[in-house]
Each structure stands twice: as structure tokens, then as C-alpha cells.
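To find a chain, count down the sequence lines: A is the first, B the second, and so on, and within it residues start at 1.
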Amino acid sequence: MNKPAKAATRTAITPTRAEDFPEWYQQVIKAADMAENSPVRGCMIIKPYGLAIWENMVRIFDPWLKDYGVQNASFPLLIPVSFLSREAEHVDGFAKECAVVTHHRLEAGENGLVPTAKLEEPYVIRPTSETIIGDAMARWIQSYRDLPLKLNQWGNVMRWEMRTRMFLRTSEFFWHEGHCAFENAEGAKSDCLTILDFYEKFFRDYCAFSGFKGVKTPEERFPGADQTYSFESIMQDGKALQAATTHDLGQNFAKSCGIKYQGRDGAEHFVHTTSWAFSTRVIGGLIMMHADDDGLIMPPRIAPQQVVILPVIKDDSSAPQIMEFCSGLAAKLKAQGLAVRLDNRELRTPDKMWDAVKKGIPVRVEIGGREAQDQAVTFVRRDLGRESKTTLSAEAFLQEIGKTMDAIHESMLERSRAFHAENIVEGKTLNDLKDYFAAGKTGLVKVPVELLKEEKLAEVKAEYGLSARNMPFEDEGRKVLIGRAY
RNA sequence: CGGAGCGUAGCGCAGCCUGGUAGCGCAUCUGUUUUGGGAACAGAGGGCCGGGGGUUCGAAUCCCUCCGCUCCGACCA
């Protein structure tokens, strides 16, 4: 009798991506212990492992901004309602999703605490900070010598979303928001493009994200912007994710906030401002881009833990030797600047192993009696799975580990590129677009921009839940990518 | 805010139609044996069955009403 087929196909995450993508996404987050829902509607608790990813993103990206001349600052969480109403389009865009603070005191009432002491002017919890930063800029900028002024803040914002999903869309989310002011339109545009390049580099070289830079169509622009640029990527279910945006705000906010300077010509001019951001949403993108049916797969360069060392102890007699070898190995890896975790928890080895798998730790090292004896290292790459199990001398392993990290990164990026290549198809006509999605296909269709003028486009978009993602730079504005998006 | 579904142990679920002392799997704890890709046995702990109201001798189950969550849509990083 043959043994029943070993549950080799059992996946750490149920359901699988193919069975139910949204549910799979939730389960990956739970399995990796990244975040959980909170008692506050639409807001999540980011757990240590999830926040560690964000902290790495901050650690990597922040120096780039500083190097480019951006200074960090911090503006209030609360914004006077009157500030928000300064820019007409901006109001339109955000008013509906603002949380409003109207009182400043609680008193015991019949059914518990009730707000008393109404504020004369309510505040909104910032959905974004253009207006309050603009107000400060108006005071800080007098002369062309004060320009450019480049500011950024790392913080949280709140948008009262109708429908939330962990990381991808939550009412409160963390981000950085850059706000810059320039003498002229060229300065602002160049800022938008420079930062967009930073974003592309960040996603490509650290998150192993393929994607495309481009210009937003007018209807997809940020409220109050003259031009919005974005970096977008396609997730494993074929839907696009806007990973980061930069906005050329022209003189719109300068005029509504009164940001003026005396120019080289002695006359008074309005500045040109920009704003740009990426958020904790990117963490959701990491999951949907890279994770598989066994859970997360972290790109090595932003992984909170890059190497996990699992001692495999069979009997207590060999334990001290194994642990000593493990500690030594951990110390040497740390000395190379790697984030190492020696998992000496009192759990069974398979449980620790699956924990490492579900957290997507790039390299898992297993050290048992044999390795300790031979001064060797057995390791597995998370992106390749158990087939990649390799044993090297400790010396060789320590020499190669940096290259292994790079190789994992490159292979993840390559996978992402291949996926993008397969999921962007060219179309010419509205019917091409319609037929593609009518056939149940996913991904994006690249069509000539002239199609945006067709009246029937709205119908097709509505029918299949499509939107214009952006007009990729590589096509010089002649084409636009259309598809479903997060 | 519209449409659909769901709230029962830490997690995943059954029980509800047809009311009668709350169950299963995993996880947890204890012990023993184990341990190189998801261990076995034995025992134990753990629940205001989302909240409130009703019907009833009796409600997880029937009715009303809130609240929350998930998915699809509209809105959006």
C-alpha cells in the first residue's frame, strides 16, 4: 500500500490566492503577525513585525530626502476647518472624508461621558497637510532667497473611508508627506520628477517592485493639483496599486494660502508648490506583490529579519555545542550588518520553521549536530522554498550571504518584472478594452490616449470597475493604462 | 451609502430550519515519548453564543432593533 499522498500540497495559508485572494491577503497578515483590527472602526493595530517593515522604509528613504535638501518638521494633527476650505478643489476632494473635532471636554452624563465645551471653530483631523503647511509657508517665505523651501513630515493622517482593508486602505494611516515651494513652474515640476525617481528607486531596489511611472489623467489627479505623477504596480490578482504619488500644485495653494515672495525682479510673485507621499499602504503592496500560499516573502533589503537561525536539537547532550555555534554564527552575521534572529524559543523546530516561512524571512538557517560538528551551515531561501536547501562551510556561508541576499532581491524583482510583462497588454480601440475584461482577464490594457475622449469609455469603465491608472512616461503621453485598481 | 454574507473558546467552524443544561478541529497548559520540512499519547483549562428588547415554563436557536466585520459597487494613498 502506498502511503496516502503526503499533505505536501498543504499550504500555510488557507484559502490560497487562487481560491480567494482577498481572504488570503487577510490571512497572510494574520499569519505573519503584522497587524490586527482594533476597536476603532477602520483603524488597525500595527503589530511589531508589521511596524518593523515601516521603520525600515523610513530608515532607508529619509536620508535620501535629507540628501536632496529636504528638512523634516512636524505640523499639528488638527487643522482648523477654515484652513481646509481655502482651496476649492481641495475641499471638494477631502471634505467628505474628514473626521471633525468639535469639543474639548468630557463630563459625566447619564449614559457615561459626554462631550461638552463646544469649540468655536471645529478642527479636522488632517487628511493631508497642504493647507496648514501652506499657512506656515506664507509666513516663512518672504524673498526668493527663502526658496526653494523643502519640508517633509513623517506622521499619520486620517480619512474617514467607507470601506477599509488592512494596510491598503485604513482610516488612519502612516506616511511621509513632502511639501515644497519653488520660484517657478520648472522648479516644481523638476521636484515632482526627482522625487518620483526616488520612489521608483526605492520600490525597485528595496521592495523588488516592478512598476511604471507616469502622469495621471485629469480626473485621477489629486484635488487641487495641476498635475499628478504616480508610480504604480500590478498585484498578483491583476489589479493595479498606486504605490506613490507626487503632485505639482502649481500656484493653486500659493494663491489660496497667500504664499508670496519678492522676486529677483523686485516684484511680488506666488510660489509654485508640490506635495508627495507614500504610505503604509506599500506594506499591503509587498504582500500582494510577493507573498505566496505559504505567507509573506520579504524582499531582503527591507526585511525586519533577514536571517533566522534555527537550532535543531535532538538531545540535550549536543545542545550546548549547537547553541554555541549558533550564537557565534549570529554574531558574525550581525557584524556584517545583517538583521539576524537566533530563534531559541521553546518551541518545536517545525513550528519555528513555519513561523519563519509565514513571516517571509529571506534566509532560514538550520543548525543541528551535524553542522555544529562540521562547522557548516544548512540554509533555505524563502523565495525558492525547500528545494533550495544548501549546506556550506560556515566560512563560505559568511562570505556568500551578502550575495545571497542580493540574489534573492534580484530574483524577486525579476519575477515581478515578468509578471508585469505578462499583465500589460496593448489595445487600440474601446472594443479591445471591453473584450479583454469581458473575457474575465485581469491586468492592465494600454490604449491610445485618444480613447479617453470617447463618450462610451465611461460605460465600459463602470461595467468592469476600471480606471485610468496613468499615462506612462515610456510612451511619452501617447498611451494610457486602464484596469482595475486598489 | 446601495447589494450580498457573517458575528458561538485565542483561531477556524458546527449547532439555528424543527427552542430543552454549548460542541468539534487547531492552538494553550501539564506529563511522557519525540524532533533534519506541519509529532504521538494521556489529562486539563478556557464561552454573558456581538449588544439591547420581545415571544416562551424555557432562546445560541423564533421576532424586533441596534452595533460590528467581510466581500462586491460608488469614493480614495
Side-chain angles (χ1 to χ4, degrees), chain A residues 6-15 20-23 25-27 30-31 33 36-42 44 92-98 127-128 156-177 199 216 219-223 228 230-232 240-247 275-285 294 310-316 318-319 322 347-358 364-372 378-380 385-389 391 461-467 484-486:
Chain A
K6 192 180 163 218
T9 49
R10 180 175 168 192
T11 56
I13 305 295
T14 43
D20 184 346
F21 195 84
E23 180 60 22
Y25 173 80
Q26 303 271 121
Q27 293 305 325
K30 190 182 286 185
D33 206 26
E36 64 185 32
N37 276 315
S38 77
V40 184
R41 180 200 181 107
M44 62 177 174
D92 258 12
F94 288 107
K96 291 188 296 287
E97 50 191 60
C98 282
T128 175
N156 53 344
V157 290
M158 175 159 280
R159 298 179 187 176
W160 210 260
E161 297 290 346
M162 290 171 178
R163 192 177 142 214
T164 59
R165 294 129 84 69
M166 284 214 227
F167 290 111
L168 293 176
R169 175 157 295 104
T170 45
S171 290
E172 181 189 19
F173 60 88
F174 288 78
W175 71 351
H176 72 270
E177 48 176 326
Y199 288 148
K216 285 291 199 184
E219 58 180 349
E220 300 288 335
R221 259 178 220 149
F222 178 79
T228 289
S230 69
F231 179 89
E232 317 230 356
L241 182 82
Q242 178 178 304
T245 47
T246 67
H247 311 294
S275 67
W276 27 262
F278 72 74
S279 73
T280 37
R281 144 179 270 204
V282 173
I283 296 173
D294 284 331
L310 301 186
V312 181
I313 293 168
K314 255 185 176 160
D315 54 85
D316 292 342
S318 61
I322 292 173
L347 289 176
R348 286 178 296 111
T349 304
D351 291 339
K352 296 188 200 178
M353 182 202 82
W354 282 106
D355 187 51
V357 170
K358 290 185 283 194
R364 183 176 77 248
V365 170
E366 296 173 3
I367 301 295
R370 277 206 296 280
E371 284 83 1
T378 297
F379 69 99
V380 179
R386 67 184 68 172
E387 310 304 324
S388 67
K389 186 179 272 200
T391 301
K461 276 161 70 178
E463 186 173 358
Y464 299 104
L466 310 176
S467 57
R484 304 222 296 144
Y486 278 98

How far does the P atom of B:G50 sit from the matching atom of B:A14, given to the nearest Å? 14 Å
Whole-Å distance, A:Leu347 CG to B:A27 C1', equals 12 Å
Base, sugar-phosphate or nothing for A:Leu241? Non-hydrogen atoms, less than 4.0 Å. nothing
Across the strands shown, which category fits A:Lys96 at heavy-atom distances under 4.0 angstrom: base, sugar-phosphate, nothing? nothing
B:G46: pairing nucleotide in any strand, Watson-Crick or G-U under 3.5 angstrom: none
Plane angle bin for A:Tyr199 and A:Phe278 - parallel if under 30°, tilted between 30 and 60°, otherwise perpendicular: perpendicular
Report yes or no: does A:Glu97 contribute a side-chain atom to a donor-acceptor pair with the main-chain N or O of A:Phe94 at less than 3.5 Å? no
Indicate, with a heavy-atom threshold strictly under 4.0 Å, whether A:Gly284 touches base, sugar-phosphate, or nothing. nothing
Is the shortest side-chain heavy-atom distance between A:Thr164 and A:Met44 below 4.5 Å? no
Would you mind pulling out the nucleotide paired to B:A39, Watson-Crick or G-U wobble, both distances under 3.5 Å? B:U33
With a 3.5 Å cut-off and heavy atoms only, can you find an N or O donor on one side and an acceptor on the other between the side chain of A:Arg364 and the base of B:G37? yes
Under 4.0 Å, heavy atoms only, any strand: does A:Ser279 hit a base, just the sugar-phosphate, or nothing? base
N/O donor-acceptor pair, side chain A:Glu36 with base B:G10, under 3.5 angstrom: no
State which of B:A77, B:G12, B:C71 makes the closest approach to the side chain of A:Gln26. B:C71
Report yes if the side chains of A:Lys216 and A:Glu232 come closer than 4.5 Å at any heavy-atom pair, otherwise no. yes
Whole angstrom value for the distance that separates C1' of B:A77 from CD1 of A:Ile283: 13 Å
If you check the A:Asn37 side chain, which of B:A74, B:G37, B:C69 turns out closest? B:C69
Any base atoms under 4.0 Å from A:Val380, or only sugar-phosphate, or nothing? Heavy atoms, all strands. base
When all nucleic acid strands are considered with a 4.0 Å heavy-atom cut-off, which category describes A:Thr378: base, sugar-phosphate, or nothing? base
The side chain of A:Val312 lies closest to which of these nucleotides: B:G37, B:C71, B:G36? B:G36
In this structure, which one of A:Arg159, A:Met158, A:Lys96 forms a side chain to side chain contact (heavy atoms under 4.5 Å, CB included) with A:Pro127? A:Arg159
So what does A:Glu366 touch, heavy atoms closer than 4.0 Å: a base, only the sugar-phosphate, or nothing? base
Both distances below 3.5 Å, Watson-Crick or wobble geometry, any strand: find the nucleotide opposite B:U55. none
Would you classify A:Ala243 as touching base, sugar-phosphate or nothing, given that sugar-phosphate means primed atoms plus P, OP1 and OP2, and contacts are heavy atoms under 4.0 Å? nothing
Does the side chain of A:Arg165 get closer than 4.0 angstrom to OP1 or OP2 of B:C71 through an N or O atom? yes
Name the nucleic acid region contacted by A:Ser318, choosing base, sugar-phosphate or nothing; use a 4.0 angstrom heavy-atom cut-off, strictly under. nothing
Paired with B:C24: which nucleotide, if any, by Watson-Crick or G-U wobble criteria at under 3.5 Å for both distances? B:G12
Is A:Trp354 touching bases, backbone alone, or none of the nucleic acid, heavy atoms closer than 4.0 Å? base
From B:U35, B:G73, B:A77, nucleotide with atom closest to A:Arg484 side chain: B:G73
Assign A:Arg41 to base, sugar-phosphate, or nothing according to its heavy-atom contacts below 4.0 angstrom with the strands shown. sugar-phosphate
Would you classify A:Gly369 as touching base, sugar-phosphate or nothing, given that sugar-phosphate means primed atoms plus P, OP1 and OP2, and contacts are heavy atoms under 4.0 Å? base
Paired to B:C69 by Watson-Crick or G-U wobble criteria (both distances under 3.5 Å) is B:G5
Is any side-chain nitrogen or oxygen of A:Arg348 closer than 4.0 Å to OP1 or OP2 of B:U35? no
Side chain of A:Arg281, backbone of A:Phe173: donor and acceptor closer than 3.5 Å? no
Any sub-3.5 Å donor-acceptor pair from A:Ser388's side-chain atoms to A:Gly385's backbone N or O? yes
